[in-house]
**Student:** 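Encoded as structure tokens, here's the structure I'll be asking about.
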Amino acid sequence: MGVPRIETCRDEVIISGIEPFDLKETLDSGQAFRWNEEDGVFTGVVRRRIIRARQVGDSLVLLGPACDEGIRLAVDYFSLDVDHADIERRLCAMDPIIECAVRSYPGLRLLRQEPWECLTSFILSARNAIPLIRRAVERIARTYGDPIVEEDRVLGGAGESGDGVRYSFPTPGRLASADVLDIVKCGAGFRSQYVKAAAERVASGDIDLDGLRRLDYEDARDRLMSLRGVGEKVADCVLLFSLGFYEAFPIDVWMTRVMRYFYFGGSKVSTATIAQFAREEFGGLAGYAQQYLFHYARKKLASELRGLE
DNA sequence: GCCCAGGTGAAGT
DNA sequence: ACTTCACATGGG
């Protein structure tokens, strides 16, 4: 594959040469929780910046005035530097089931999210529903984060009356000094204490999230699991969605259902058995396999899988 | 009212 | 090691 080609015209930046790429499915695949869609335009907050984007053909179009830093941010966030065609090819060669999932959603990417926001989001995800997770993350940002004033937004919002203001996700330090009861008010429920405790550990430097990249998968995972509210599944989500550990294979209720259905003849299996199978079947691409199977399960198999229990 | 939602920790076999 | 249960909150 070639390097992504970047072309600036007026108030748009067109990034091409990135196929396969599917913006909609990627942002709707349960990785990130701060994106909204309106008329094909997706708006989200990434590391203190607002990104507005839409897909035209195989290209990603960024809306707003061109800015090198913003372009670099988007390329990194959407992993546009990854040879995704090669990844899909290798997955399809593994077995006909994963091939089917990949062919159903070509261009489904793994994002590179900001680790602290990713960790908090998935602590909030435990025994929770996606719309409620989204709302809690947004309320936490609105309560503790900073309003983002972007040239981008000023230019695009000629008749804007203040409602569309977005907020950055708060730093660990800011959440470490929060009152737990105020975090509860954001809708975080029993997970509020976990969020605050994690913020304290990260803010103090006891846990260095970016530093985890230098550890091997097992050690990084153990380190994350020393946080209360972070078990195997949440740890794997953070490793996969923000730290580039593509061998991580988060197993939740959906993955349990779809793996049983496809690979274990519908019989009951433990997460340990599923995890071991995934390692052997998908190896270093287990995380990608997980994302295709998870998305396929939720979008195409929901009714069939619910009845299995 | 009741059940479930991208689980985890603690206590019990 | 494996099983059971509580945990806040809100939507179907």
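These figures come from a predicted structure and were not determined experimentally. Residue numbers begin at 1 in each chain, while the letters A, B, ... track the order of the sequences.
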**Student:** Can you see whether A/Tyr105 has A/Lys300 sitting over its ring - NZ or CZ less than 6.0 Å from the centre and within 45° of the normal?
**Tutor:** yes
**Student:** Using nucleotides 9-11 of chain B, report all nitrogen or oxygen pairs with the protein that are shorter than 3.5 Å.
**Tutor:**
from, atom 1, to, atom 2, distance (Å)
B/dG9, OP1, A/Gly229, N, 3.1
B/dA10, OP1, A/Arg228, NH1, 3.0

**Student:** As a quick check of understanding, evaluate side-chain contact (heavy atoms from CB on, under 4.5 Å) for A/Leu212 and A/Arg223, giving each step before the final call.
**Tutor:** CA-CA 8 Å; A/Leu212 296 179; A/Arg223 199 79 191 103; 3.7 Å; yes
**Student:** Any pair with a residue in residues 174-195 of chain A that passes salt bridge (charged side-chain N to carboxylate O under 4.0 Å, His left out), sequence neighbours left out, goes on the list, sorted by first then second residue, please.
**Tutor:** A/Asp182-A/Lys185
**Student:** Does anything in residues 87-102 of chain A form a salt bridge (charged side-chain N to carboxylate O under 4.0 Å, His left out)? List the pairs, not counting sequence neighbours.
**Tutor:** A/Asp86-A/Arg89, A/Asp86-A/Arg90, A/Glu99-A/Arg103
**Student:** Would you say the side-chain atoms of A/Thr273 pair up with the backbone N or O of A/Val269, donor to acceptor, closer than 3.5 Å?
**Tutor:** no
**Student:** Students often mix this up, so state it plainly: with edges at 30° and 60°, are the rings of A/Phe78 and A/Trp35 parallel, tilted or perpendicular?
**Tutor:** tilted
**Student:** Do A/Val184 and A/Tyr194 sit in the same hydrophobic cluster, where Ile, Leu, Val, Met, Phe, Trp and Tyr count as joined when their side-chain heavy atoms come under 4.5 Å apart?
**Tutor:** no
**Student:** Could you check whether the rings of A/Phe282 and A/Tyr263 sit parallel, tilted or perpendicular, using 30° and 60° as the cut-offs?
**Tutor:** perpendicular
**Student:** I'd like a table of atom pairs between the protein and nucleotides 7-12 of chain C - only N or O on both sides, under 3.5 Å - with the distance next to each one.
**Tutor:**
from, atom 1, to, atom 2, distance (Å)
C/dA8, O4', A/Phe190, N, 3.2
C/dG11, OP1, A/Arg135, NH1, 3.3

**Student:** Is it the case that the side chains of A/Arg221 and A/Tyr217 hold a donor-acceptor pair, with the cut-off being a distance below 3.5 Å and no angle test?
**Tutor:** yes
**Student:** For the base of B/dG6 and the side-chain ring of A/Trp254, does the geometry meet a stacking cutoff of under 5.5 Å between centres and under 30° between planes?
**Tutor:** no
**Student:** Under a 4.0 Å heavy-atom cut-off, which of residues 23-33 of chain A touch DNA chain C?
**Tutor:** none
**Student:** With sequence neighbours excluded, tell me which residues meet side-chain hydrogen bond (donor to acceptor under 3.5 Å, both in side chains) with A/Arg139.
**Tutor:** none
